[in-house]
Amino acid sequence: MAEKLTLASMCAGGVQERIDRALAKISDNILDLNTDAKKKRVLDVKITLTPSEDDREDVSVEVQTSVKLAPEMGLKTQLFINKDFRSGVTTLTEHSKGAIKGQLTLDDCGMSMNPEEVEEENSVTAEELGCDPETGEVLEEKSEPPKEGKKVISMRDAVNS
């Protein structure tokens, strides 16, 4: 007597092998931290049986497995657009966790707390950057004297008079 057909024995064990591979993919997807843990994963097993027209006892079988996995979650970040005041070059940088928008480090300004780390040919003095060497305060550029016909009006004086 012939052995009863089971999924494990069908296609010489090929069906079971495909189901096992699909379950391994689903397991990996569930353990992947880049996917949503709450999303459902689906394993479809499609078995198509087609009887022969001449002999209904002869049936061809086609087995297909497919999996629907949870997609990777999208990534989010914050970017900061910066224009280098010396070179005029615009750059995009990613905000570091805990950083304050627009905050610069000494390295960003071409300066260092350790003078031996600064290359002599690239070193910039505070005066060259337009800063007070003791406080680092940005000094205002000296403006040209007003041209003839252009008069500076004090709005405080104008309102109070």
Sub-4.5 Å side-chain heavy-atom contact between [X] and [Y]:
X	Y	answer
Ile26	Asp28	no
Leu43	Ile19	yes
Val63	Met10	yes
Arg21	Thr65	no
Ile47	Val61	yes

Item to complete: Without swapping roles, check the side chain of Arg41 against the backbone of Lys39 for a donor-acceptor pair under 3.5 Å.
Response: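 It does hold such a pair.
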Exercise for the section: Taking Ser27 for its side chain and Leu23 for its backbone only, find out whether a donor-acceptor pair lies under 3.5 Å. Expected result: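 Here the side-chain-to-backbone pair exists.
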For Thr35 and Glu72, test the side chains for any donor-to-acceptor distance below 3.5 angstrom and give the result as yes or no.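 There is no such pair (donor and acceptor under 3.5 Å, judged by atom type) between the side chains of Thr35 and Glu72.
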Donor on one side chain, acceptor on other, Arg18 and Ser66, under 3.5 Å: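 Ser66 and Arg18 do not have a side-chain donor-acceptor pair below 3.5 Å.
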Please indicate whether Ile81 has more than 12 foreign heavy atoms, meaning atoms of other residues, nucleotides or ligands, lying under 6.0 Å from its CD1.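 For Ile81, atom CD1 is not crowded (no more than 12 foreign heavy atoms under 6.0 Å).
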Leu49, CG: over 12 other non-hydrogen atoms inside 6.0 angstrom |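 Check passes, neighbour count above 12.
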At what distance, to the nearest 0.5 angstrom, does [atom1] of [X] lie from [atom2] of [Y]?
X	Y	atom1	atom2	value
Met73	Asp32	CE	CG	8.0 Å
Leu79	Thr91	CG	OG1	10.5 Å
Gln16	Asp20	CD	CG	4.5 Å
Thr48	Lys46	OG1	NZ	4.5 Å

Can Leu5 be reached from Val45 by stepping across I, L, V, M, F, W or Y side chains whose heavy atoms are under 4.5 Å apart?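 They do share one cluster, since a chain of ILVMFWY contacts under 4.5 Å joins Val45 to Leu5.
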